[in-house]
2 protein chains.
Amino acid sequence: MERQTPATTAPQRTSLRADARRNRERVLEAADTVFSEFGPAASTEEVARRAGVSIGTVFRHFPTKEALIEAVVIGRLTQLTAEAERLADAVDADADADADADAAFLIFFHRWIELSATKYQFAGALSRSGTDVQEIRNTHPDVGRKLHDAVGVLLTRAQHTGGIRRDVGASEVIALLVGASRAHEHVGLDADQRAHLLSVIIDGLRGSRPAT
Amino acid sequence: MERQTPATTAPQRTSLRADARRNRERVLEAADTVFSEFGPAASTEEVARRAGVSIGTVFRHFPTKEALIEAVVIGRLTQLTAEAERLADAVDADADADADADAAFLIFFHRWIELSATKYQFAGALSRSGTDVQEIRNTHPDVGRKLHDAVGVLLTRAQHTGGIRRDVGASEVIALLVGASRAHEHVGLDADQRAHLLSVIIDGLRGSRPAT
DNA sequence: TATTAAGCGGAGTCCCCACTCATATTATTG
DNA sequence: CAATAATATGAGTGGGGACTCCGCTTAATA
């Protein structure tokens, strides 16, 4: 609660020894892989093994398993945010912005699904596994806000070109993306059905009936 | 399948002692509640406590924690199936079936969300928690099939009346329902946004643009 | 190269939890 | 009500996993 500072991810201003920085990175990568594959219930030792590091090292960099999971989640949210910002910038740079705004939104949609595939469901799983997404929102409000804003930019532009209905906000779109990922992961669907499923959802976003 | 057969005075297989049957039921209820609240990671002791029973009793009725979780999941799937069948029967009984077929589908859609709320996410969570939904499908193929069929009936009729696009199947609808539940649970949305989200998804199912 | 402190390794501690078993209780039956 | 078989109980067991500790290693610096 009275937690002070030592943020988990970004501030690498602290001069870490070369090997330390390298190991920290390896651990993060390994954690991402392992938790994606086995969920947050995977043991810390498994992460250490995958990173080619001793368990003591894992705990040196992340004082708690929860902190490790949090770092992974933040990393993913940050990646998605960067993706959204990148797409928005690409639209800016282009002359024929109108057509691209719609395309950019769709690309982001699919990119989200892609990045989430078999992975992000664990974000939902960890809700009841000690760490809570809500908690991360509290301790790192900026991460969520940035994602929200970045999605908001893409959304607003796509709405302006008429591609996307105007009665939805960034929060709703994000929720929809989360749901779409989950639906997409649903067992028992083949590739065609998965793709089709996404088109159904996107059609909903295009606004079949001018509700209100 | 264990339908009550003749009562030749001989309590067939179900010859559980009265208290045993009662306790079994209590445990199932408690498990449903507890797992809904804390996810499948909740301890068996917690379930026992909630059921007002000793831990030994829990294991007498369900030899494994996994078996207990499985029983809860099957119970829910069965409940959803019954709900779908009930709605289909209601349409049958009505004269003005056309209008009702569409309404029945929508009611089922909302009913699913309602029954899943804050609950069913655990079905996704347990995917990586030992038990796997896929596994239950293998050991109890009939449960999944019945649900699929029941949804199929509602869907086909709604499509026939023109309310729902014809290029989606029961599997896709179920996946969409799962995703919709997940989106609906998403933190950071108020009641209005949640409702709105569902309408967006349903609009997609209505087929905004006659794609293909 | 010598010095030194940051880092690392990994065996060990502690706690939690699924599951068992010997004993006590109770529904059922005649 | 007695007999007995089915149940319930709950302390106990075993294993796994998060986290610690301290001696050894090595990057950084003069």
A:His61 NE2 to D:dC19 P, in whole Å, measures 16 Å
> What does B:Ala42 touch in the nucleic acid at a heavy-atom separation under 4.0 angstrom: a base, only the sugar-phosphate, or nothing?
Replying inline: sugar-phosphate
Tabulated below should be each protein N or O lying under 3.5 Å from an N or O of nucleotides 24-27 of chain C; please produce it.
{"unit_1": "C:dT26", "atom_1": "O2", "unit_2": "B:Arg17", "atom_2": "NH1", "d": "3.3"}
{"unit_1": "C:dA27", "atom_1": "O4'", "unit_2": "B:Arg17", "atom_2": "NE", "d": "3.2"}

inquiry  = Under 4.0 Å, counting only non-hydrogen atoms across every strand here, what does A:Thr44 touch: a base, just sugar-phosphate, or nothing?
reply    = sugar-phosphate
Testing D:dA8, D:dG17, D:dC19 for proximity to the side chain of B:Thr57, the answer is D:dA8
Taking C:dA18, D:dA8, C:dG10 as options, the one with an atom nearest any side-chain atom of B:Asn23 is D:dA8
With the side chain defined as heavy atoms from C-beta on, B:Ile55 is closest, among C:dG9, D:dG10, D:dT20, to D:dG10
Of the listed C:dT20, D:dA8, C:dG7, the closest approach to the A:Ala20 side chain comes from C:dG7
Tightest non-hydrogen contact, residues B:Ala150 and B:Ala84, listed as CB-CB, 3.6 Å
Residue pair B:Gly52/A:Ser43 against DNA chain D: nearer the 5' end by closest nucleotide is B:Gly52
CZ of A:Arg145 to CZ of A:Arg137, rounded to nearest 0.5 Å, is 12.0 Å
Taking atom types as modelled and ignoring hydrogens, do the side chains of B:His61 and B:Asn23 form a donor-acceptor contact shorter than 3.5 angstrom? no
Against the side chain of A:Thr64, the closest entry in C:dT20, D:dA18, D:dC19 is D:dC19
